[in-house]
Amino acid sequence: MLAGKCGSWMRIMGVTAAVVALCTVVSSAQTLTGRWVAMGRMLHNGEQQKDIIELTQDGTVLTGMVHGMGYEIPIKGTVSGTHFELMGGDWNDNRPFVVGDLEDGKLVGKQFGHKFEARPATSADAFPKLEYIEPPALHVVPNNGLAKTPPMGWNSWNLFADRVDDQTVRTMADAMVSSGMKDAGYIYVNIDDTWEGLRDANGVLHTNSKFPDMKALTDYVHSKGLKIGIYSSPGPRTCGAYPASYGFEGQDAKMFAEWGIDFLKYDWCSAARVYKNEQLQPVYQKMGDALQATGRPIVYSLCEYGLGNVEKWGPEVGGNMWRTTDDIRDEWKSMMFNIEKQVPTAPYAGPGHWNDPDMLEVGNGHMTGDEYRTHMSLWALTAAPLLAGNDIRTMSEETKSILMNKEVIAVDQDALGKQASPVKNGELETWVKPLADGGVAVGVVNLSSKAMPATVRVADVAPGKSVTSARDLWKHAGVKFVGGAYSSTVPSHGTLMLRIELK
Ligand code: GAL
């Protein structure tokens, strides 16, 4: 959970506020134990972000919690002298995100290169107490009949974070059409967090100044033959600290439907301030019901970082997809971490309800072409939603060839809806996905740092069958199985991806 929150936090808070790991030798009189408050960036709705940081110092070790407006994050850190470094408690990356010193009774330093300052908190710094709203009794929300194949589209978060605005969405919609993405199947244009303004006395949640007229924007996106998505949280605040749907689920769902919204990403975030993880299901069910009550077909995307065995109950709350992992980052290690974490959820994917290892980073610049081809191959093999997260307006030819590889997309969109599972063979990892036509898609991923020879044997990937034809989906060429086997060289971090027809 922490990684998810930290990932978001990094992107949203990059400019200001919050967390710490300590690496200094604080004199005996000095201790970091206590409550600290870090004022963060000004939000686009005129509010200011704030984090309350609780720290306990034991020698050189720090533990604690960050209570943000939109999240709760356990943290840990080290202290050396007056110097401290803080990182997320169970964040898989383990990079410190606040580094600084105790100076004149304040924590002063840098958070990802930006100024960070926290002063001792007073009782006035506490967040207002929230009224507890009991979640509904469990029942099964009827299937909405959507997402028969994994949803495809674009989402603003990975590249733009809080910089997304009306103009970005319009130009992205234009580019979805002109680039060929729409023809390749990418239909949803999804606005992530930071569109929200303030909620008025009548409970109406307004947009902030970046989105002057949401209805006009949805009309524009629809006029391109595309669909449009939006974002909220079951908590009082989104992960980015903006007002969210807690207590206003029905009213917000109705407004989304009136705007013409086709997709809702519903992000746990500050729901953790009100509810326990054991309450995820009824809390998500509440919005599932609210969406259905609008009468508008709206894809329901649960974002809960894999908490609470979501794959077991996601469909019952009306969910069409659910996050199985923390936030992805544009790096090989993070991408592979997410896809491997997806493995135990394989039996639960199927038409109408999909496991979601998070959005694509293809084209964002921090992986090699081979790594991005592996990213796309693995998302397709695991029947993951394909939500591009790059700048569609300025894609390189290589990025286009990856995102719009129709043969790979066909594997993702296969009507059978099976999620591939891996078999490890040293540094080569083979994933096999059964297809609706009786064939299989096979991906052999080279995890090593050098090119490796790989052999695909029919006896391994489709025991008892024989090959009638096979294609290499990245070379766009037929390949020949000889004696029931096909061999090729796979580049470091690359993937050999085959589609094999069988009899
Ligand atoms: C995270 C979520 C991200 C993004 C972000 C927005 O919790 O996992 O995908 O939506 O919040 O604040």
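When a ligand or atom number is given, it counts from 1 through the structure's own listing order.
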Item checked: Ligand-residue contact atoms, ligand 1 with Asp193, heavy atoms, under 4.0 Å -> 6 (C), 12 (O)
Notebook entry, point to check: Lys265 to ligand 1: N or O pair under 3.5 Å?
Noted result: yes
Checklist line | Region of Tyr305 that comes within reach of ligand 1 [heavy atoms, distance under 4.0 Å] | finding: side chain
Check: Are Asp358 and Lys341 close enough for a salt bridge, meaning some N to O gap below 4.0 Å?
Finding: no
Notebook entry, point to check: Are Lys286 and Tyr266 in a cation-pi contact, defined as NZ or CZ under 6.0 Å from the six-membered ring centre and within 45° of the axis?
Noted result: no
Using a 3.5 Å cut-off and no angle test, enumerate the donor-acceptor pairs between side-chain atoms of residues 180-189 and protein atoms at least two apart in sequence or in another chain.
{"unit_1": "Lys182", "atom_1": "NZ", "unit_2": "Lys224", "atom_2": "O", "d": "3.3"}
{"unit_1": "Tyr186", "atom_1": "OH", "unit_2": "Leu403", "atom_2": "O", "d": "2.7"}

Check: Taking distance alone, with no angle check, do Trp157 and ligand 1 share an N/O pair under 3.5 Å?
Finding: no
Next item on the list: State plainly whether the residues Glu331 and Arg329 are in salt-bridge range, i.e. N to O under 4.0 Å.
Entry: yes
Note to self: With a sphere of 6.0 Å drawn around NZ of Lys227, does it hold more than 12 non-hydrogen atoms of other residues, nucleotides or ligands?
What the structure shows: no
Notebook entry, point to check: Any chance the side chains of Gln167 and Asp165 put a donor and an acceptor closer than 3.5 Å?
Noted result: no
Note to self: Can you name the atoms of ligand 1, numbered from 1 with element, that are less than 4.0 Å from a heavy atom of Gly240?
What the structure shows: 12 (O)
Next item on the list: Consider ligand 1: state whether an atom of it lies below 4.0 angstrom from any non-hydrogen atom of Tyr231.
Entry: yes
Note to self: I'd like to know if Thr238 contacts ligand 1, where contact means a heavy-atom distance under 4.0 Å to any ligand atom.
What the structure shows: no
Checklist line | Atom indices of ligand 1, in the order listed, that fall short of 4.0 Å to a heavy atom of Cys303 | finding: 2 (C), 8 (O)
